[in-house]
Amino acid sequence: MSRRTRIGDLLKRPTPGGTVTVCGWVRSLRASGDVAFISINDGSNLDGMQLVLERDRLPSFDDFCTIGTGAALRASGELVTSPAAGQQYELQVQELSVVGQADSAYPLQKKRHSFEYLRSIAHLRPRTNTFGAVFRLRSRLAQAVHRFFDERGFLYVHTPIITASDCEGAGELFRVTTLPPNSAPRNEGGEIDFTRDFFARKTGLTVSGQLEGELFAQAFGDIYTFGPTFRAENSNTPRHAAEFWMIEPEMAFADLADDADLAEEFVRYLCNFALQECAEELTFFDRHIEKGLLARVHAVAKASFARMSYDEAIRHLEQAPVSFQFPVQWGLDLQKEHERYLTEEVVRGPLFVLNYPKEIKAFYMRQNGDGATVAAMDLLVPKVGEIIGGSQREERLDQLERRMQELGIAQEPLWWYLDSRRWGSCPHAGFGLGFERLVMYLSGMDNIRDVIPFPRTPRHAEF
RNA sequence: UCCCCAGUAGCUCAGUCGGUAGAGCGGGUGACUGUUAAUCACCAUGUCCGUGGUUCGAGUCCGCGCUGGGGAGCCA
């Protein structure tokens, strides 16, 4: 096959002219007497290319007028300036072939579909404008994440996907086993004998790469992970999926303030990246998905992020002139309505809340001198609330062991984690960012199932 | 997992007081020399989510179930 030219590249040409070949899928066909127009899209950009077919220049003109929406085409012709509004260039077709026909049963019509319906045809929805834009943005953002950390000398570490540590309290584990489901070997107590399983222990899919990430941070200084993460929680919300991608940087010789600095720089970098490198997509989202998206992302890109302690946050909420559905009290976690009030009404921009009560945070977070709080941070942003959660880690062995004991967390399976506090332990800090939540934030899409190619949620693993 | 809402043509939805089902879009056919989700004319399409019940009669009322969506919890 002679090589095609991507439509996105053609549209970047400063001048028309020349014979080119494009391939793509039909979005719309408009036939009118002796001339027909076919809009095709090849996924390389939003707008696609208009093919112009003329009866006296093209044999089989009438046959081409019956091409169905969704068909795959290969077209060669001259790239010309379009005389009509709506597109800069169009293709005067000299040769056209139908690579793959599509009949009238093609589920994508030339009209708006609901996102719920498109989820039921997830194999075809990437051919729509919205999902084309979402997944181009997602791809570029993934590259931007690596670029950000690489530019700053962070080591990219692949932490294991199969893990035996399920004691982080980060959610239910998916079991990984090769034992036969109906005749698994039992021990004397009648329980399944996992010592005879593939790994000779109970294993599952990772819920976080953080603990392993900490070990690498204590060898390479600054590291990050970016990989798939699994939670078997029966969560049915627009913000949760059973399989998602998480970004977790970890820095040695760093405290909570350093952690917040990194998070702030990271979020600002990604906003600027999207505005510059995905302008076409963001403009589309601003117009069709969330009015005001561009202004919101611009604001975050320029803002200096506010910081306040959990104590201060509670005081602000107690003095709020609005009434909340959920109680405000020192010691309780912030609800989404509280988070949104703080970031949207109190500071009107991104906000770090620092130093939460230890009771509502994980065992590995560093205990503060007040005996009541830990060095945790959440980054709250307008519209979505929490987008990043992080902490300085407890590097003092005795403190860590005492906290695990208080919480009833077995130390033996985490002997390797505790060892890192035994030899050359140092202050270190990191955070976690759900990649999909970032994509949602920068696209205005409000359901996580619509920013994952083939989302896994309770009862859904069809595609 | 809990609470709320919904399920009718390919899609989005209307359907009054319980009386035997409709619109727009999409699709098909035809017309039209430059369209932009083209336009105009004509044509076709139903397991009213399933199941049990109330009733002379159920898309409509009631029970149970399934599916989807939203909110909460959990969290990223």
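All chains are named by letter (A, B, ...) in the order of the sequence lines, taking the proteins before the strands, and each is independently numbered beginning at 1. These numbers come from a predicted model, not from an experiment.
Nucleotide B/rG22 is matched to B/rC13 when pairs are restricted to Watson-Crick or G-U wobble geometry with both distances under 3.5 angstrom. Of the nucleotides present, B/rA72 is the one that pairs with B/rU1 by Watson-Crick or G-U wobble criteria, both distances under 3.5 Å. Across every strand in view, B/rA6 sits in a pair with B/rU67 that passes the Watson-Crick or G-U test at under 3.5 angstrom. Pairing for B/rA44 is absent, judged as Watson-Crick or G-U wobble with the two contacts each under 3.5 Å.
Side-chain N/O atoms of A/Asn129 and A/Arg27 include a donor and acceptor closer than 3.5 Å. A donor-acceptor pair shorter than 3.5 Å can be found between the side chains of A/Ser82 and A/Glu90. Between the side chains of A/Ser39 and A/Ser28, no donor N or O sits under 3.5 Å from an acceptor N or O.
Between the C1' atoms of B/rU60 and B/rC49, the separation comes to 15 Å (whole Å). Taking the C1' atom of each, B/rG70 and B/rC32 are spaced 47 Å apart, rounded to whole Å. Spacing of P atoms, B/rG50 relative to B/rG27, comes out at 28 Å, to the nearest Å. Distance check on atom P: B/rG65 versus B/rG26 gives 41 Å, rounded to whole Å.
Using a 4.0 Å heavy-atom criterion, one finds that A/Ser39 contacts no nucleic acid atom at all. As judged by a 4.0 angstrom heavy-atom cut-off over every strand, A/Glu243 is placed among residues making no nucleic acid contact. Residue-level contact check: A/Gln87 touches the bases, meaning some heavy atom is under 4.0 Å from a base atom. Nucleic acid contact for A/Ile448: base, since at least one base atom lies under 4.0 Å from a heavy atom of the residue. Across all strands shown, A/Ala105 has no heavy atoms under 4.0 Å from either base or sugar-phosphate atoms. Among the heavy atoms of the strands, none lies under 4.0 Å from A/Ala36. Counting non-hydrogen atoms under 4.0 angstrom, A/Pro107 reaches nothing in the nucleic acid. The residue A/Glu337 sits apart from the nucleic acid: no heavy atom pair falls under 4.0 Å. Residue-level contact check: A/Arg112 touches the bases, meaning some heavy atom is under 4.0 Å from a base atom. Using a 4.0 Å heavy-atom distance criterion, A/Phe244 is classed as a base contact. Nucleic acid contact class of A/Phe326 (heavy atoms, under 4.0 Å, all strands): sugar-phosphate only. Residue contacts for A/Arg459: at a heavy-atom cut-off of 4.0 Å it reaches the sugar-phosphate backbone alone, with no base atom in range. Across all strands shown, A/Asn236 has heavy atoms under 4.0 Å from base atoms, whether or not it also approaches the sugar-phosphate.
Put simply, the side chain of A/Glu54 and the base of B/rU33 share no donor and acceptor less than 3.5 Å apart. Between the base of B/rC11 and the side chain of A/His113 there is no donor-acceptor pair shorter than 3.5 Å. Remark: the A/Glu90 side chain and the B/rG34 base include a donor-acceptor N/O pair separated by less than 3.5 Å. A donor and an acceptor atom sit less than 3.5 Å apart, one in the side chain of A/Ser235 and one in the base of B/rC74. Checked by distance alone, A/Gln109 brings a side-chain donor or acceptor within 3.5 Å of a matching partner on the base of B/rG10.
Results of the ring-ring contact (aromatic ring centres under 6.0 Å, His included) test with A/Phe149 over A/Phe154, A/Tyr156, A/Phe226 single out A/Phe154 as the only residue that passes.
Picking from B/rU35, B/rA37, B/rC74 the nucleotide with the shortest atom distance to the side chain of A/Lys110 gives B/rA37. Taking every side-chain heavy atom of A/Arg30 into account, B/rU35 is the closest of B/rG70, B/rU35, B/rG34. With B/rA37, B/rA72, B/rG34 as the choices, the nucleotide that has an atom nearest any side-chain atom of A/Gln92 turns out to be B/rG34. When each of B/rU1, B/rU12, B/rA72 is scored by its nearest atom to the side-chain atoms of A/Tyr117, the top-ranked nucleotide is B/rU12. Nearest to the side-chain atoms of A/Ser82 among the listed nucleotides B/rG10, B/rG68, B/rU35 stands B/rU35.
A salt bridge links A/Glu436 with A/Arg138: the closest approach of a Lys/Arg side-chain nitrogen to an acidic carboxylate oxygen falls below 4.0 angstrom.
Taking the ring centroids of A/Tyr224 and A/His146, they lie under the 6.0 Å cut-off. Ring centroids of A/His338 and A/Phe326 are separated by 6.0 Å or more, keeping the two rings apart.
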